[in-house]
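Hydrogens, waters and symmetry mates are skipped; everything else that's a heavy atom, side chains included, is used. Keep in mind the model is a prediction, meaning the values are calculated, not measured. In what follows, every chain begins at residue 1, and chains take the letters A, B, ... in the order their sequences are listed.
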2 protein chains.
Amino acid sequence: MSGRLPKYKQIQEELRYQIQQDVYQVGDLLPSENEMCAHYGITRTTARKALEELQREGYIMRRHGKGSVVVERRNSLGLLTVKGFSDVAGKAVRNIMVAKPHVASWDTSFVFTPSPTEEAGDCYRFTRIRCVEDDAVLVEVSWLDCGLVPGFDKQEFVNGSFFKTLSQCYLIEVLGSEQELQAISAQGTIADLLGIPVGSPILYIAVRYLTNKSGYYIYSKLYCNTSKYSIGNRFLSK
Amino acid sequence: MSGRLPKYKQIQEELRYQIQQDVYQVGDLLPSENEMCAHYGITRTTARKALEELQREGYIMRRHGKGSVVVERRNSLGLLTVKGFSDVAGKAVRNIMVAKPHVASWDTSFVFTPSPTEEAGDCYRFTRIRCVEDDAVLVEVSWLDCGLVPGFDKQEFVNGSFFKTLSQCYLIEVLGSEQELQAISAQGTIADLLGIPVGSPILYIAVRYLTNKSGYYIYSKLYCNTSKYSIGNRFLSK
DNA sequence: TAGTGGTCTAGACCACTGG
DNA sequence: CAGTGGTCTAGACCACTAG
């Protein structure tokens with residue numbers, strides 16, 4: 001097992017949890033790097049790494065000469081982070097499997113063209129709807145090479161999570177993703193699943209996930225009704 | 001002058017330039033960390049910092065035990081990086097000022113509400129269109145507090161760049177941004193400026209830029225025609 | 001001025017990829 | 001196996017912020 005997390009990650013997650021639990025509230029300063037060193041018995045390099053990651057995740061803002069300030073978290077869809085859709089702050093999220101994984105052929109009408117190795121064989125394909133408080137906000141169609149995940153159509157999802165299943169059952173880790181965003185008009189099935197009129201503007205996101213199995217990708221098409229929940233994003237430079 | 005760039009930044013920019021110039025092509029390996037240490041006379045920490053930044057920018061992909069691989073750059077809008085819209089790989093980008101900076105009142109119909117300090121006074125407002133090869137793809141309406149940039153309506157843009165002007169004339173640095181994305185239908189003026197039929201689905205992005213002047217922000221509304229150029233994005237974890 | 005984060009050095013051990 | 005990147009230590013000097 002690769003098992004144990006690096007120290008900086010453990011500390012990062014502990015701090016993130018404390019922010020989520022309001023131990024540190026918006027505007028508060030996190031402990032300084034030196035205080036963290038003393039508290040955890042680590043060096044500044046490790047403390048900094050944890051804090052830099054938290055900044056990248058949008059939980060804090062670091063200011064030279066001042067410290068690490070907890071920043072306001074927006075009430076919008078978890079977005080585009082690598083692992084996809086997860087937390088809409090404080091709201092109940094539900095997933096509905098519309099079409100269970102089944103063998104299909106590759107869809108070619110797509111921004112990302114499958115690699116030749118992939119296109120030669122079949123793929124598994126499945127469709128889910130993501131709801132926030134009973135509003136269907138996202139239709140997600142995903143597919144991946146059959147060779148990558150043998151028996152995937154008979155495999156139960158671990159905790160209902162696709163990525164957890166990949167990691168725990170197939171040792172596949174997602175290293176990153178590429179996305180293309182477009183505004184389009186909702187058509188038949190999609191409009192239907194989202195419960196909106198045909199022709200409504202929706203956000204279409206084509207995603208290609210990079211995995212640790214080189215040459216193999218995971219593809220998703222997301223159709224998102226942004227009328228109630230917009231897609232939030234935060235970037236911090238420096 | 002704060003002037004000189006840190007070593008890691010210099011190296012990062014040198015490598016990025018070499019990738020852009022095809023000195024290193026897609027699929028190529030960059031020099032290893034140890035090779036870079038020897039070549040530049042630095043330590044691994046510094047070399048790593050440069051490479052991590054390049055990875056974050058989406059130029060390379062780092063693989064444990066293998067090296068730093070140059071990855072394919074997408075042919076889509078420069079996107080959502082902090083400094084906004086810049087390079088559409090290899091295409092001519094042109095900006096048209098539709099409405100020069102002028103004094104206006106705050107727009108309240110907005111995802112981000114101005115802070116009380118801001119709302120008390122007036123603001124400067126201006127509108128630009130961004131074209132890629134003669135296609136208008138983006139309408140951008142920006143505004144910011146009058147107190148932040150005195151005389152902004154009489155100020156020529158440095159190199160036509162809003163951010164350069166802020167930095168060089170007003171010592172304002174952009175530290176990051178928050179964005180909300182939505183798919184909407186194009187209405188009158190916007191449809192007109194983009195040269196598309198009313199009702200066409202477009203991408204609407206509300207942006208709030210964080211600056212080094214605390215309490216002051218810069219706001220933008222982007223209306224983007226994604227039918228020809230989609231918005232590209234890349235995330236790499238770990 | 002004291003304390004903070006930003007940069008950097010010079011090491012070390014480990015886990016992973018490839019031949 | 002040799003070489004790579006991932007993590008970590010124990011220092012250092014500097015620029016920035018705030019009282």
**OP:** May I ask you to decide if A/Arg125's main-chain N or O and A/His102's side chain share a donor-acceptor pair within less than 3.5 Å?
**Re:** yes
Subject >> Whether B/Tyr170 side chain and B/Pro150 backbone form a donor-acceptor pair below 3.5 Å >> reply: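 Checked: pair present.
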**OP:** Would you please enumerate the stems DNA chain D participates in, each stem being three or more consecutive Watson-Crick or G-U wobble pairs with both distances under 3.5 Å?
**Re:** C:1-16 with D:3-18
Is [X] close enough to [N] that one of its side-chain N or O atoms is under 4.0 Å from OP1 or OP2 there?
| X | N | value |
| --- | --- | --- |
| A/Ser32 | C/dT4 | yes |
| B/Tyr8 | C/dC8 | no |
| B/Lys9 | C/dT7 | no |
| A/Arg63 | C/dT4 | no |

Original post:
Does A/Arg48 have any salt bridge (charged side-chain N to carboxylate O under 4.0 Å, His left out) partners at least two apart in sequence or in another chain, and if so, which?
Top reply: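 Counting only residues at least two positions away or on another chain, A/Arg48 forms a salt bridge (charged side-chain N to carboxylate O under 4.0 Å, His left out) with A/Glu33, A/Glu52.
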Original post:
Under a 4.5 Å cut-off applied to non-hydrogen side-chain atoms, are B/Leu148 and B/Leu166 in contact?
Top reply: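 They are not in contact (no side-chain heavy atoms under 4.5 Å apart), so the answer is no.
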Rounded to the nearest Å, what distance is computed from the [atom1] atom of residue [X] to the [atom2] atom of nucleotide [N]?
| X | N | atom1 | atom2 | answer |
| --- | --- | --- | --- | --- |
| A/Leu54 | C/dG5 | CG | P | 13 Å |
| A/Lys7 | C/dC13 | NZ | P | 15 Å |
| B/Met36 | D/dT4 | CE | C1' | 14 Å |
| A/Leu30 | C/dG5 | CG | C1' | 13 Å |
| B/His64 | C/dC13 | NE2 | P | 16 Å |
| B/Glu33 | D/dT4 | CD | C1' | 8 Å |
| A/Met61 | D/dT17 | CE | C1' | 14 Å |
| A/Glu35 | C/dG3 | CD | P | 10 Å |

Subject >> Option among A/Leu30, A/Ile60, A/Leu29, A/Val26 that satisfies the side-chain contact (heavy atoms from CB on, under 4.5 Å) test with A/Val69 >> reply: A/Leu29
**OP:** Might you point out which heavy atoms bring B/Gln12 and B/Leu54 nearest each other, and give the distance in Å?
**Re:**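 Looks like O-CD2, 3.7 Å.
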Original post:
Out of A/Gln20, A/Glu53, A/Arg16, which residue meets the side chain to side chain donor-acceptor pair (under 3.5 Å) rule with A/Tyr59?
Top reply: A/Gln20
**OP:** Indicate whether the side chain of A/Tyr124 and that of A/Gln155 have a donor and an acceptor atom separated by less than 3.5 Å.
**Re:**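 No, because no side-chain N or O of A/Tyr124 sits under 3.5 Å from a partner of the opposite role on A/Gln155.
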Subject >> Aromatic ring proximity, centroids under 6.0 angstrom, A/Phe126 and A/Phe157 >> reply: yes
Original post:
Under a 4.0 Å heavy-atom cut-off, which of residues 42-51 of chain A touch DNA chain C?
Top reply: A/Arg44, A/Arg48
Original post:
For the side chain of B/Asn34, counting heavy atoms from C-beta on, which of D/dG6, D/dT4, D/dC16 is nearest?
Top reply: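 Minimum distance to the B/Asn34 side chain belongs to D/dT4.
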